Every structure is written in C-alpha cells, then in structure tokens.
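What you see is a predicted model, and the numbers here were worked out from it, not measured in a lab. The first residue of the sequence shown is numbered 1, and numbering continues consecutively from there.
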Amino acid sequence: MPLFYNALEAAAHRLSIVPPMFDYFGAMGLHALVAAARTGIFDALRERPSTGGELAAALNLEPHATGVLLRALAGLGYLRVRRGRYRLTRTARRWLTTGSPTSLLPGLAFWERTACVIWPGLEKAVRDGTPATPFYASLAADPELSRSFHAWTAAMAARQAPATARAVPVPRGARHVLDVGGGHGLFSLALLRRHPRLRATVIDLPDALETAASHPRLTPRAGSFLEDDLGTGYDVVLLFNIVHGLSDEEASLLLRRLAAALNPGGVLVVGDQFGDSRMPGRASRTLLRLLDLNYLVAVGGRVRGLEEVAGLLRAAGFHRIRHRRPLGSPTTELAVAWNPPRIRR
C-alpha cells in the first residue's frame, strides 16, 4: 500500500509504543482494493473526480458505505480528496484501472483467494514443510482460483516479456524454442516477434493453455513437462517461474530432460527470483521473503539462490552459466546456461 509513516508515527512504531496493527489490518487493505475494483470505483474516478454521493448514485451503491470505503482508500494512498471530490492518485491510475497497460487488476482476485484459501494453511506448512492442499490440486478443484491465477501470470508476463526477450541470447541459426510450463505463451511470443525464423512449442497442462497466445509459429501442446515426452531438436528452452515450485529431485530430473532435448550449443534460460540477489533495501528484501513464504504454503517450494540454481544446472551438464537482470522486468531474473557443443573428431 502506498502508505508512509510520518516521523512521529515511524518513531512510535520503531520504539514499539504502538502495536504493529498494520500487519493485522493488511488483509483488510487488500479487500478494500478488491471492493473498489469490483464496484467500479477506480474506473469511475478515472473518468472524472466525484463526490461519494455521485459515485454511489452512478454505481448503485449504498451512500454511507461508499463514503466509508472512499475514506479508507484515501487513507491507504489510492485516492485524494479535494473540496469533497475524490480523485485517483497516480498509483491507483497506473496500477488499478481497466485499460492501463500496467494494470494489476487481473491479480486482485487471485491474491484475494490466495489470502483467504491458501494462506490459512501456513501453520501446517511450517510444521511439516508441505502445503495443506497442493496448489495445482487447488486449481483443479476451484475454477475461479484457476482462472484468476492464469490471468495474473499472463498480466505479469505481458509486462515482462518484451524486456526479457531482449535479454535472451538466441544462437545463430536457431529455429525452435521450447517454452516449458509457459501457459499463456507470452514469453515465446515476444521472442518470435524479435526473431522471424523461430517457431515455438509451449508445453503445459490443458487449463493453462486455454488462453495461450495465438501466433502461426506458436504451437501449444498439452502435457506434463516432468513426465511426458518433450521431443528433441530445440535451440532455446525457456523455463520461467517453474523452478521455485519444484523439489531438488524434480528440478534435477527436469534439467536433465531439457539438456537431452536441447541441441548441442543450445541455450536454456531459467527465469525466476533469486534469493541471493542484491536488493535496493529492506522493503524489497522483505517482499522477496514473503514470496518465498508464499511458495512454501502454496506448492511446498522455495526461492533458490542463483548459485544454487547454477549448481543444479552444472549437475545436469550445462556450462557457461550467466546471470542477467532485464531492465523493465524487475521481478524476474535470468540464469542463462548453454548445452556443451558437439565435439568434432
């Protein structure tokens, strides 16, 4: 939330004169955002500043309750009020309105359900290291959770894919990309747009492929990347946001399978968060730690360090491992590794 303490409030919290109530109330802020988005408040204020009464009348809301929500949103930093009229802050306009190229609205439903459905299992996960209900079983049993998850991952990929594609080294003469667990296909699509001679195969579970990008050189294929045949002859393999959900045994198995699927001299690109990366400050480090906790409670996974991922890659036969952090893609870093070239005799 774009909410900042003043000097007096910061001192009171630092000295523990007041209790850490924002940790208790944080989930309430999420529900306030969800309510404002679903009732149309953010989009209505994108069109013009309005009073609470005008918004209630236009959106068919109860006037008093609307006022309470608007005041809370203003306190959280998403709205400003001037002469009785509410208007969006830059944060709300950029991230929480329909049609904004950086909109996070597709993720609200997913994170709401994550907070309400998945995170209550955190105690169990801490006690025995496993999620209360495996994440993909939860998706299969909860169509709304599944829909919102895939909408969220697609929204994030749409923002990150162009910068990421610029950072992917494509070998000379490359023809075929394998996108492992790529679902929406947006990372492959960005590569295809940059490299007209490439074609791509995206392998993922059937529900993940329902909204896959459409392109004449992109082929979605339903299957399990841990169990089904991956094929051979690939020049580039994309492995984005997968490793954090795998055990060491699963990750090692998958990387060996990908090494066998890659042509000699081909490149594998692991896109993920790395726990040993430099962060600009405490808030960024804490967000990464919370994400690590989310992987634990959702899939029994974890954020690995770059050196740990590099060790898994070397054990699978890859070499020349490099780290790249694409500009414009702050939440995804790359570990780039090459399959050894064929030895000429």
Side-chain angles (χ1 to χ4, degrees), residues 136 139-140 150 153-154 157 161 164-165 167-272 309 312-322 332 334-344:
Y136 292 99
L139 294 185
H150 293 305
T153 58
T164 300
V168 171
V170 175
R172 182 178 299 177
R175 290 291 184 270
H176 200 177
V177 176
L178 176 64
D179 191 343
V180 179
H184 43 69
L186 294 177
F187 289 110
S188 286
L189 184 62
L191 269 184
L192 298 185
R193 287 171 173 166
R194 288 182 60 81
H195 302 277
R197 295 184 179 181
L198 284 179
R199 57 191 174 91
T201 297
V202 181
I203 183 169
D204 210 333
L205 298 175
D207 61 332
L209 294 173
E210 288 180 359
T211 57
S214 177
H215 191 280
R217 289 183 281 122
L218 189 151
T219 302
R221 181 155 69 88
S224 166
F225 52 73
L226 287 174
E227 299 174 355
D228 295 337
D229 179 39
L230 300 175
T232 57
Y234 301 105
D235 303 293
V236 179
V237 171
L238 305 181
L239 187 63
F240 280 44
N241 299 306
I242 298 297
V243 171
H244 64 241
L246 303 178
S247 67
D248 286 346
E249 293 76 15
E250 290 171 328
S252 297
L253 170 63
L254 178 59
L255 292 175
R256 290 195 301 269
R257 284 163 54 80
L258 296 178
L262 263 175
N263 286 330
V267 64
L268 167 68
V269 184
V270 177
D272 221 309
V309 172
L312 291 170
L313 288 166
R314 292 189 191 98
F318 292 94
H319 73 153
R320 292 175 55 201
I321 299 163
R322 301 291 184 268
T332 298
L334 308 182
V336 181
W338 278 261
N339 226 11
R342 183 179 290 112
I343 298 176
R344 295 181 180 179

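At least one side-chain heavy atom of V180 sits under 4.5 Å from a side-chain heavy atom of L258. Counting heavy atoms from C-beta on, the side chains of L254 and V243 never come closer than 4.5 Å.
Across all their heavy atoms, P169 and V267 have their closest contact at O-CG1, 3.2 Å. Residue A212 comes nearest to G183 through the heavy atom pair CB-O, 3.4 Å, listed as atom of the first residue, atom of the second, then distance. Across every non-hydrogen atom of H215 and L192, the tightest pair is ND1-CD1, 3.8 Å. Heavy-atom minimum distance, A157 versus F187: CB-CE1, 3.7 Å. Nearest heavy-atom pair across A259 and A316 is CB-O, 3.7 Å.
No donor-acceptor pair under 3.5 Å is formed between the side chain of D179 and the backbone N or O of T201. Side-chain N or O atoms of R322 include none that pairs as donor or acceptor with a backbone N or O of L334 at under 3.5 Å. Judged purely by atom type and a 3.5 angstrom limit, D235 has no side-chain atom pairing as donor or acceptor with the backbone of A174. Checked by atom type and distance alone, the side chain of R257 pairs as donor or acceptor with a backbone atom of F225 at under 3.5 Å. The backbone N or O of E249 lies less than 3.5 Å from no partner atom in the side chain of S252, so there is not a single donor-acceptor pair. At distances below 3.5 Å, not a single donor-acceptor pair connects side-chain atoms of R197 with backbone N or O atoms of H195. With R217 contributing its side chain and P196 its backbone, the two residues share a donor-acceptor pair below 3.5 Å.
Applying the side-chain contact (heavy atoms from CB on, under 4.5 Å) test between F318 and each of V336, L312, N339 identifies N339 as the sole match. The residue from T219, L218, V236 that alone fulfils the side-chain contact (heavy atoms from CB on, under 4.5 Å) condition with S188 is L218.
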